[in-house]
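Notes follow once the structure below has been shown.
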Amino acid sequence: ILLGKRLLFKFGVNSSFIKGPLKGKIVVTYTINRNRLTIKLSFNLLNRNNLKKVYVMNEQGAQFFRIYSDSEGLRLADEEIGAWNHVTAQSAKISDYQDRISFGLTNAQGSILRRGREFMKESLDWVGLDYELNPERDLFEYEIEILGDSLK
């Protein structure tokens, strides 16, 4: 897919985003501790008619954060990470190449955790751990753990 996108980009075909109708609001509360962020999402103000899924994106730049690893021992670099792959491990993290700083999530009950990375100069630059949720739920809470030598 990325190869095709690169070819189209060379011929001047670009992506664009068109604003669609609002589906409501998601209220997000962040609690910051030393090396943890607790995120609470409330979906009570969300119009759920014809809504199939909700995605919670936890993403950073793909040029800096280049390594995926998880509690099952899997370690992937750059393109090996893939895009939108299901994480079955209990926990996963994304780190820089030297493993100096990383952010990690657990596989939260009632969600699907996915990993992904896409990089294409001047077009795509993301890496992350994203939750897929059923839109029928009212609340979702999770933690992001920030790891690194400077946080000790």
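As the structure is a computational prediction, the values presented were derived from the model and not from experiment. Atom set for the values below is all heavy atoms of this structure, side chains included, hydrogens, waters and symmetry mates excluded.
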Are Ile26 and Leu133 in one and the same hydrophobic cluster, where Ile, Leu, Val, Met, Phe, Trp and Tyr link if side-chain heavy atoms are under 4.5 Å apart?
yes

According to salt bridge (charged side-chain N to carboxylate O under 4.0 Å, His left out), does anything in residues 133-142 pair up with another residue at least two apart or in another chain? List the pairs.
Arg48-Asp138

Is there a continuous path of hydrophobic side-chain contacts, each under 4.5 Å between heavy atoms, that joins Val54 to Phe140?
yes

When rounded to the nearest 0.5 angstrom, what is the spacing between NZ in Lys40 and CD in Glu143?
10.0 Å

Which ILVMFWY residues can you reach from Leu45 by hopping between side chains whose heavy atoms are under 4.5 Å apart?
Val27

Is there a path of hydrophobic side-chain contacts, each under 4.5 Å between heavy atoms of I, L, V, M, F, W or Y residues, that connects Leu37 with Val28?
yes

Can you see which heavy atom on Leu129 is nearest to which on Leu113, and at what distance?
CB-CD1, 4.2 Å

Leu105-Ile146 co-clustered via ILVMFWY side chain contacts under 4.5 Å:
yes

Using the side chain to side chain contact (heavy atoms under 4.5 Å, CB included) rule, take Ile67 and Tyr97 through it: C-alpha gap first, then chi angles, then the decisive distance, then the call.
CA-CA 6 Å; Ile67 303 294; Tyr97 208 74; 3.6 Å; yes

Is there any side-chain hydrogen bond (donor to acceptor under 3.5 Å, both in side chains) pair reaching into residues 17-32, and which pairs are they, with sequence neighbours excluded?
none

Other members of the hydrophobic cluster containing Leu139, with the 4.5 Å side-chain heavy-atom rule, please.
none

Within the supplied structure, the quantity of interest is the number of heavy atoms (other residues, nucleotides, ligands) at a distance under 6.0 Å from Asn50 CG; does it exceed 12?
no

Which atom names give the shortest non-hydrogen contact between Arg117 and Ala62, and what distance separates them?
NH2-O, 2.9 Å

Centroid-centroid under 6.0 Å between Tyr142 and Tyr131 rings
yes

Listing request: all salt bridge (charged side-chain N to carboxylate O under 4.0 Å, His left out) pairs with a residue in residues 57-76, at least two apart in sequence or in separate chains.
Arg66-Asp78

Correct closest heavy-atom pair for Leu51 and Pro135 would be O-CG, 3.2 Å

Interatomic distance, CD1@Ile81 vs CD@Glu118, rounded to 0.5 Å, equals 11.5 Å

Donor-acceptor pair, distance only, cut-off 3.5 Å: does the side chain of Asp96 make one with the backbone of Ile101?
yes

Do Ile144 and Ile39 come close enough that some side-chain heavy atom pair is under 4.5 Å?
yes

Any ion pair linking Lys93 and Asp99 (charged N to carboxylate O, less than 4.0 Å)?
yes

If you look at every heavy atom in Gly82 and Asn85, which pair is closest and at what distance?
CA-ND2, 3.3 Å

Might you point out which heavy atoms bring Val87 and Asn107 nearest each other, and give the distance in Å?
O-ND2, 2.8 Å

Return each pair, listed once, that meets ring pair (Phe, Tyr, Trp, His ring centres under 6.0 Å) where at least one residue sits in residues 50-71; pairs must be two or more places apart or across chains.
Tyr55-Trp84, Phe65-Phe103

If you measure from NE2 on His86 to CZ on Arg114, what distance do you get to the nearest 0.5 Å?
6.5 Å

Using only atom types and a distance under 3.5 Å, with no angle test, would you say the side chain of Ser71 pairs donor to acceptor with the backbone of Gln90?
yes

What pair of heavy atoms forms the shortest contact from Gln63 to Asp125, and how long is it?
N-OD1, 3.6 Å

The reported gap from OG in Ser95 to CZ in Arg100 (rounded to nearest 0.5 angstrom) is 10.0 Å

Treating Ile, Leu, Val, Met, Phe, Trp and Tyr as nodes and any side-chain heavy-atom pair under 4.5 angstrom as an edge, say whether Leu74 and Ile112 lie in one connected cluster.
no

